[in-house]
Participant: 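Sending over a structure as structure tokens; questions will come in a sec.
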Amino acid sequence: MENELKKLARQLSCPEGEKGKKLAEKMNLNNLPVILNGYSNLQIQNNDHILELGYGNGGLLGYILSLAKDIRYTGLEISPTMHEEAISFNSVYIQAGLAQYFLFDGLSIPLESQTFDKIITINTLYFWKNPIFLLKEIVRVLKTNGHFCLTFCDKSFMEKLPFTKNEFQLYDVKAVKDLILGLPFELIQEDHKQDKSISKTGILTDREFMSLVFKKINE
């Protein structure tokens with residue numbers, strides 16, 4: 001059992017192969033309330049250029065592009081399997097110039113400074129190798145007055161799940177705010193939610209999740 005939990009944790013952090021593809025489909029459905037909450041709090045406006053860290057299989061791109069007029073989407077992902085899936089699913093959007101996808105190492109963002117109006121990441125925080133470094137990269141590529149939405153499940157919920165003992169670094173709101181200290185970010189929205197969720201191991205549980213939205217201020 002312990003070995004299976006380790007494999008699940010590894011797949012959740014970086015989905016691979018056919019098992020990773022199937023898991024990504026389940027994640028889109030199971031995490032839909034969390035994803036919708038994050039994008040709702042991001043408050044996308046017409047003509048926004050959006051960056052998402054950890055786009056998974058890209059299955060929700062059509063929904064994202066429907067949130068406002070003339071928006072552009074850029075995604076970064078560490079999983080080659082998910083990268084291939086997203087490009088396959090969304091080739092028409094890519095050819096139309098509405099979306100682009102890139103692989104990255106989870107640390108350095110391979111994009112120009114002051115590029116994006118909005119940046120979002122959902123359920124990736126647990127897997128960040130160097131949170132401070134990546135947050136500084138997010139600051140760099142976000143325009144001044146741009147918004148960054150960090151959506152994640154609370155430590156009190158996550159630590160009850162058997163697979164989070166491997167690969168995961170768990171956070172509560174205070175720990176996230178501590179990471180932000182010293183960076184040119186102002187917290188402008190803190191949205192806490194709870195729902196009924198079926199975990200990856202089939203357990204019905206009360207899921208606690210939140211979206212913290214920060215505005216980049218002058219450095």
Side-chain angles (χ1 to χ4, degrees), residues 9 12-14 31 34-45 47-56 64 71-79 102-159 161 164-194 207-219:
L12 289 168
S13 66
C14 185
N31 291 329
V34 184
I35 297 168
L36 296 182
N37 179 263
Y39 270 97
S40 175
N41 280 286
L42 194 59
Q43 297 183 354
I44 294 171
Q45 305 295 317
N47 301 300
D48 274 350
H49 192 175
I50 302 158
L51 173 65
E52 181 170 18
L53 282 70
Y55 50 77
I64 295 166
I71 63 177
R72 292 173 295 152
Y73 175 95
T74 297
L76 292 176
E77 178 59 62
I78 65 170
S79 165
F102 300 99
L103 281 170
F104 86 128
D105 61 4
L107 291 170
S108 299
I109 295 179
L111 301 167
E112 294 184 4
S113 300
Q114 295 271 348
T115 297
F116 299 98
D117 303 286
K118 305 284 170 61
I119 299 178
I120 188 168
T121 189
I122 300 168
N123 281 343
T124 70
L125 174 63
Y126 333 111
F127 311 116
W128 290 6
K129 302 173 187 176
N130 188 331
I132 298 300
F133 186 94
L134 185 53
L135 283 167
K136 288 180 178 179
E137 281 288 271
I138 289 169
V139 168
R140 180 182 64 79
V141 299
L142 183 63
K143 295 178 182 178
T144 301
N145 296 318
H147 291 181
F148 166 51
C149 180
L150 181 59
T151 299
F152 62 101
C153 292
D154 189 75
K155 179 179 180 179
S156 62
F157 160 71
M158 294 292 287
E159 63 188 3
L161 305 177
T164 58
K165 296 176 183 178
N166 304 286
E167 305 285 341
F168 286 73
Q169 176 65 48
L170 306 183
Y171 294 86
D172 56 20
V173 170
K174 181 182 183 303
V176 172
K177 290 179 179 178
D178 287 345
L179 287 178
I180 297 295
L181 286 176
L183 296 175
F185 275 137
E186 174 188 354
L187 180 64
I188 59 173
Q189 178 74 22
E190 183 174 332
D191 186 23
H192 294 246
K193 289 286 190 298
Q194 186 177 86
R207 175 171 56 185
E208 299 173 38
F209 59 94
M210 61 277 299
S211 290
L212 303 182
V213 182
F214 301 91
K215 181 172 74 172
K216 180 180 174 181
I217 59 179
N218 289 322
E219 300 183 54

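Hydrogens, waters and symmetry mates are skipped; everything else that's a heavy atom, side chains included, is used.
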Participant: For Asp178, give me all partners under side-chain contact (heavy atoms from CB on, under 4.5 Å), at least two apart in sequence or on another chain.
Facilitator: Lys174, Leu181
Participant: Do the non-hydrogen side-chain atoms of Phe209 and Asn37 ever get within less than 4.5 Å of each other?
Facilitator: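 Yes, close enough: below the 4.5 Å cut-off.
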Participant: Should the pair Phe185 and Phe214 be assigned to parallel (<30°), tilted (30 to 60°) or perpendicular (>60°) ring geometry?
Facilitator: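 Tilted, since the angle between the ring planes falls between 30° and 60°.
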Participant: Mind checking whether Phe152 and Tyr171 have ring centres under 6.0 Å apart?
Facilitator: no
Participant: Is there a side-chain contact between Ile78 and Asp105 in this structure, where contact means two heavy atoms from C-beta onward sitting under 4.5 Å apart?
Facilitator: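 Counting from C-beta outward, Ile78 and Asp105 never come under 4.5 Å.
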Participant: Are the side chain of Asn130 and the backbone of Phe133 linked by a donor-acceptor contact shorter than 3.5 Å?
Facilitator: yes
Participant: Any donor-acceptor pair under 3.5 Å linking the side chain of Asn41 with the backbone of Gly38?
Facilitator: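 Side chain of Asn41 to backbone of Gly38, a donor-acceptor pair under 3.5 Å: no, none is there.
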Participant: Tell me the closest heavy-atom pair linking Leu76 and Pro110, and the distance in Å.
Facilitator: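 For Leu76 versus Pro110, the nearest heavy atoms are CD2-CD, 4.1 Å.
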Participant: Quick one: do Arg207 and Val34 satisfy side-chain contact (heavy atoms from CB on, under 4.5 Å)? Show the steps, please.
Facilitator: CA-CA 10 Å; Arg207 175 171 56 185; Val34 184; 3.7 Å; yes
Participant: How many angstroms lie between CG in Asp172 and CE in Met210, if you round to the nearest 0.5 Å?
Facilitator: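 So the CG of Asp172 and the CE of Met210 are separated by 8.0 Å.
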Participant: So Gln114 and Val141, do their side chains get closer than 4.5 Å, heavy atoms only?
Facilitator: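 Sidechains of Gln114 and Val141: no contact.
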Participant: Tell me, please, which residues at least two apart from Lys129 pass salt bridge (charged side-chain N to carboxylate O under 4.0 Å, His left out).
Facilitator: none
Participant: Between Tyr126 and Asn123, which heavy-atom pair has the shortest distance, and what is it?
Facilitator: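 Tyr126 and Asn123 have their closest heavy atoms at OH-OD1, 2.5 Å.
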Participant: Mind running side-chain hydrogen bond (donor to acceptor under 3.5 Å, both in side chains) on Thr115 and His49 for me, showing each step along the way?
Facilitator: CA-CA 8 Å; Thr115 297; His49 192 175; over 6 Å; no
Participant: Any side-chain heavy atom of His192 sitting closer than 4.5 Å to one from Val173?
Facilitator: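 Result yes, sub-4.5 Å side-chain heavy-atom pair found.
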Participant: With a 4.5 Å heavy-atom cut-off, do Cys153 and Glu208 have their side chains touching?
Facilitator: no
Participant: Please assess Asp191 against Ser211 for the test side-chain hydrogen bond (donor to acceptor under 3.5 Å, both in side chains), listing each intermediate value before the final yes or no.
Facilitator: CA-CA 5 Å; Asp191 186 23; Ser211 290; 5.5 Å; no
Participant: Give a yes or no on whether the backbone of Gln43 and the side-chain of Lys118 come within a donor-acceptor separation of less than 3.5 Å.
Facilitator: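 Flag set: sc Lys118 to bb Gln43 pair under 3.5 Å.
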Participant: With heavy-atom distances below 4.5 Å as the criterion, would you say the side chains of Ile122 and Tyr39 are in contact?
Facilitator: yes
Participant: Could you walk me through whether Asn47 and Ile71 pass the side-chain contact (heavy atoms from CB on, under 4.5 Å) test, one step at a time?
Facilitator: CA-CA 5 Å; Asn47 301 300; Ile71 63 177; over 6 Å; no
Participant: With heavy-atom distances below 4.5 Å as the criterion, would you say the side chains of Leu187 and Leu212 are in contact?
Facilitator: yes
Participant: Might you work through the side-chain contact (heavy atoms from CB on, under 4.5 Å) test for Leu53 and Leu134, ending with a clear yes or no?
Facilitator: CA-CA 10 Å; Leu53 282 70; Leu134 185 53; 4.0 Å; yes
Participant: Is the backbone of Leu142 close enough, under 3.5 Å, to the side chain of Lys216 for a donor and an acceptor to pair up by distance?
Facilitator: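 Present.
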Participant: Heavy-atom distance under 4.5 Å between the side chains of Thr74 and Phe116, does that happen here?
Facilitator: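 Yes, side chains in contact.
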Participant: Do you know the tightest heavy-atom contact between Pro184 and Val139?
Facilitator: CG-CG1, 3.6 Å
Participant: With side-chain contact (heavy atoms from CB on, under 4.5 Å) as the test, would you mind laying out the steps for Thr121 and Ile119 before giving the verdict?
Facilitator: CA-CA 7 Å; Thr121 189; Ile119 299 178; over 6 Å; no
Participant: Starting at CG of Leu135, measure out to CD1 of Ile180 and round the result to the nearest 0.5 Å.
Facilitator: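 Taking CG in Leu135 and CD1 in Ile180, the distance rounds to 4.5 Å.
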Participant: Verify, without hydrogens or angle tests, whether Glu77 (side chain) and Tyr55 (backbone) share a donor-acceptor contact under 3.5 angstrom.
Facilitator: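 Yes: the side chain of Glu77 pairs with the backbone of Tyr55.
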Participant: Looking at CG of Asn145 and CG of Asp117, how far apart are the two atoms once the value is rounded to the nearest 0.5 Å?
Facilitator: 10.5 Å
Participant: To the nearest 0.5 Å, what is the distance between OG (Ser40) and CD (Gln189)?
Facilitator: 8.5 Å
Participant: Would Glu112 and Arg140 pass as an ion pair if we require N to O under 4.0 Å?
Facilitator: no
Participant: Rounded to the nearest 0.5 Å, what separation is found between the CG atom of Leu150 and the NZ atom of Lys177?
Facilitator: 12.0 Å
Participant: Between atom CD of Glu137 and atom CG of Leu107, what is the distance when rounded to the nearest 0.5 Å?
Facilitator: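 If we round to the nearest 0.5 Å, Glu137:CD and Leu107:CG are 8.5 Å apart.
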